[in-house]
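Below: one structure, written as structure tokens.
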Protein chains: 2
Amino acid sequence: MSKQNTLFKDAYNRSLIQLGGTQTLPSEPEMAASLQVSRTTVRAILQRLADEGLIAWDKRSKIVLRAPLADDYFPSAETHSTHDVVERGFMKRLMGADVGSQINELELARELGVGTSSVREFLIRFSRFGLIEKRPNSHWVIKGFTRGFALELADIREMFEVRSALAFVQLPKTETIWTGLDKIEVEHRALKASIDSDYGQFSELDERFHRLIHGSTDNRFIIEFYDIIAMVFHYHFQWNKKDEKKRNAAAIDEHLAYITALKSGDSIEAELTCRRHLRSARATLMASTPAT
Amino acid sequence: MSKQNTLFKDAYNRSLIQLGGTQTLPSEPEMAASLQVSRTTVRAILQRLADEGLIAWDKRSKIVLRAPLADDYFPSAETHSTHDVVERGFMKRLMGADVGSQINELELARELGVGTSSVREFLIRFSRFGLIEKRPNSHWVIKGFTRGFALELADIREMFEVRSALAFVQLPKTETIWTGLDKIEVEHRALKASIDSDYGQFSELDERFHRLIHGSTDNRFIIEFYDIIAMVFHYHFQWNKKDEKKRNAAAIDEHLAYITALKSGDSIEAELTCRRHLRSARATLMASTPAT
DNA sequence: AATATGTCTTCTATCGTCAATAAACATTTG
DNA sequence: CAAATGTTTATTGACGATAGAAGACATATT
């Protein structure tokens, strides 16, 4: 079947949302920028919008004729790239898999309904997370999401983040990164106020906060390492919702203390609050990781 | 053309070397273990050895008939897997490439005479080194082997190795890793004695030494990080042989001081000698990296 | 003259295919 | 009866092919 036009479908759906607010659509390059796709795809979208009677398109004039209906959207299942399908399918299996068990590319591809190369490429990309390993000319071995993995991960995380926090404190207050911190602090206070209902939004805020801190180092290895943390938290806690509200509420307070320490410019205090938060994050992760 | 039998050819060549020393060959499983291939490949090798009149093969009896000649070996060009071909070809191009320039999978594949998927998979695997980056649905961007890269690499390396060295000192003397250190120390002294002629052997010893130190941590991220260092040193100094003898002689002395400190059990001294060596390694790397 | 649109070319993402290789199973041998 | 050999099956590694998407170039519009 070669390639699926999932990018087109996803961008088309997003363009329908944008359509709601205006009478005319902007120029093709502008649309390309806002949808994050090439002009080729934008033109395909415009073509379909016109065909479906949603807009009248003649060169520069793109007049909205009617608001989009639920039926105009592509089903969300069709908007996921093969890569996403493989990632989700694999992660679901990985979380429950035994240490030492093998991965069969062909079998996984068949189960997910994709080609073997998509699976292969995903596994290669995923291998940098240290959870699987390849035996050349042979199968992949699952090293498992174990306690050992969580500990090793937490150790490096602490090294990197303490270093970043100390670098952060040293940054001149004129840097734009401080504005980012202010903004994130406000978001923390807002979420704290509505924690009872919005606690599910914390994980996204958490990631942005830690990535901001890491931004102070300018070291690609530290910045890229956070991808592993983000992956672990994303998938692990997707299937471990226990005590989520309580955990997140506690983490917000730790973040706020951490932010205050950073702003104070006191290195000792910054390191202390940073380590305190990371220790608690580590404990949370360990508590929800099977003992084996 | 599907797959090339480079593994078979390489293993066949290696079996010819082994053939020199004996009158009979061992059992198939034993050969498989010694050549690091499956029995399927061993049997193909035996078949060819018999066809070429090098051995008389009848079930368990494998009698050597004659010593292998130069002509019996496959040309070494045929024994490199596609992966190796891509790696070498790519690295050669990368070292001279400009920051920000693009990589074209198809073009690279054509130049190297391999399929696109081999190139793709190599690039995906290589991307974990932080020297290239993918724009989804589009090209790869070269981030370049720059001074910045070298600095970032050296920073992380120092963090990790100091940590490993401190963990090393704490290990009980009963651990087998100490025997490994003793062995490596002897090798250092031997190489020091014959440095004038054998200085080229240092890089291999260097890698084994540092990997041994890292082995004390039991942290997969630290251990895997050394792959990046090894790659950089391997390829970078393959094209920068300037002052090699002098550099290596100095490094051996640094290693010996470092080893002595480790054996003394003195953490302060271990950290000091470790940092001293890494600083000098960093300086060497920086000195041979273009200023841009 | 700068920006937008129209057209064409090239490259990526993905699939199916097949030889090389590994691995599993069955049979023989010391 | 344990280890080796013989036989069969399944999986990986690599390729070419093709639709989707990006990008380059030419032309038109304000």
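These numbers come from a predicted model, not from an experiment. Here is the naming used below: chain letters follow the sequence lines, and residue numbers restart at 1 for every chain.
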State whether the side chain of [X] and the backbone N or O of [Y] hold a donor-acceptor pair below 3.5 Å, judged by distance alone.
X: B:R128; Y: A:R128; result: no
X: A:N13; Y: A:F74; result: yes
X: B:D10; Y: B:T79; result: no
X: A:R48; Y: A:A44; result: no
X: A:Q36; Y: A:A33; result: yes
X: B:S138; Y: B:R135; result: no
X: A:R147; Y: A:T289; result: yes

Between atom [atom1] in [X] and atom [atom2] in [N], what is the gap in whole Å?
X: A:E105; N: D:dA14; atom1: CD; atom2: P; answer: 11 Å
X: A:F74; N: D:dG20; atom1: CZ; atom2: C1'; answer: 14 Å
X: A:Y12; N: D:dG20; atom1: OH; atom2: P; answer: 16 Å
X: B:K3; N: C:dA20; atom1: NZ; atom2: P; answer: 9 Å
X: B:L7; N: D:dT12; atom1: CG; atom2: C1'; answer: 12 Å
X: A:N137; N: C:dA23; atom1: CG; atom2: P; answer: 9 Å

Does a side-chain N or O of [X] approach OP1 or OP2 of [N] to a distance below 4.0 Å, or not?
X: A:K62; N: C:dT5; result: yes
X: B:K59; N: C:dT29; result: yes
X: A:T82; N: C:dT14; result: yes
X: B:N104; N: C:dT12; result: yes
X: A:S118; N: C:dC15; result: yes
X: B:H139; N: C:dT10; result: no

For DNA chain D, the residues among [range] that have a non-hydrogen atom under 4.0 Å from it:
range: residues 120-136 of chain B; answer: none
range: residues 16-29 of chain A; answer: none
range: residues 33-56 of chain B; answer: B:R39, B:R43

Could you give me the CA-CA distance, side-chain angles and deciding distance for B:Y235 and B:F145, then say whether ring-ring contact (aromatic ring centres under 6.0 Å, His included) is met? CA-CA 11 Å; B:Y235 282 104; B:F145 188 78; over 10 Å; no
Which residue, B:S117 or A:R110, contacts DNA chain D at a nucleotide closer to its 5' end, judged by nearest heavy atom?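 On the 5' side of the pair lies A:R110.
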Residue met sooner reading DNA chain D from 5', once B:S138 and B:W57 are mapped to nucleotides: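 Looking at DNA chain D, the more 5' nearest nucleotide goes with B:W57.
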Would you classify A:I103 as touching base, sugar-phosphate or nothing, given that sugar-phosphate means primed atoms plus P, OP1 and OP2, and contacts are heavy atoms under 4.0 Å?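 If one applies the 4.0 Å heavy-atom cut-off, A:I103 turns out to touch the sugar-phosphate alone, with no base involved.
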With sugar-phosphate meaning primed atoms plus P, OP1 and OP2, does A:K9 contact a base, only sugar-phosphate, or nothing at under 4.0 Å between heavy atoms?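 Answer is nothing: A:K9 stays at 4.0 Å or more from every strand.
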Quick check for you: among C:dT21, D:dG20, C:dA4, whose closest atom lies nearest to any side-chain atom of B:N5?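 Shortest atom-to-atom distance from the side chain points to C:dT21.
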Do the non-hydrogen side-chain atoms of A:L35 and A:T41 ever get within less than 4.5 Å of each other?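 Contact flag for A:L35/A:T41 side chains = no.
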Evaluate the criterion side chain to side chain contact (heavy atoms under 4.5 Å, CB included) for residue pair A:M231 and A:L131; output intermediate values, then yes/no. CA-CA 11 Å; A:M231 180 277 297; A:L131 283 167; 3.9 Å; yes
Under 3.5 Å side-chain donor-acceptor pair for A:Q47 and A:W57: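 No, no side-chain donor-acceptor pair sits under 3.5 Å.
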Derivation of the side chain to side chain contact (heavy atoms under 4.5 Å, CB included) call for A:I124 and A:W140: CA-CA 10 Å; A:I124 294 171; A:W140 291 85; 4.1 Å; yes
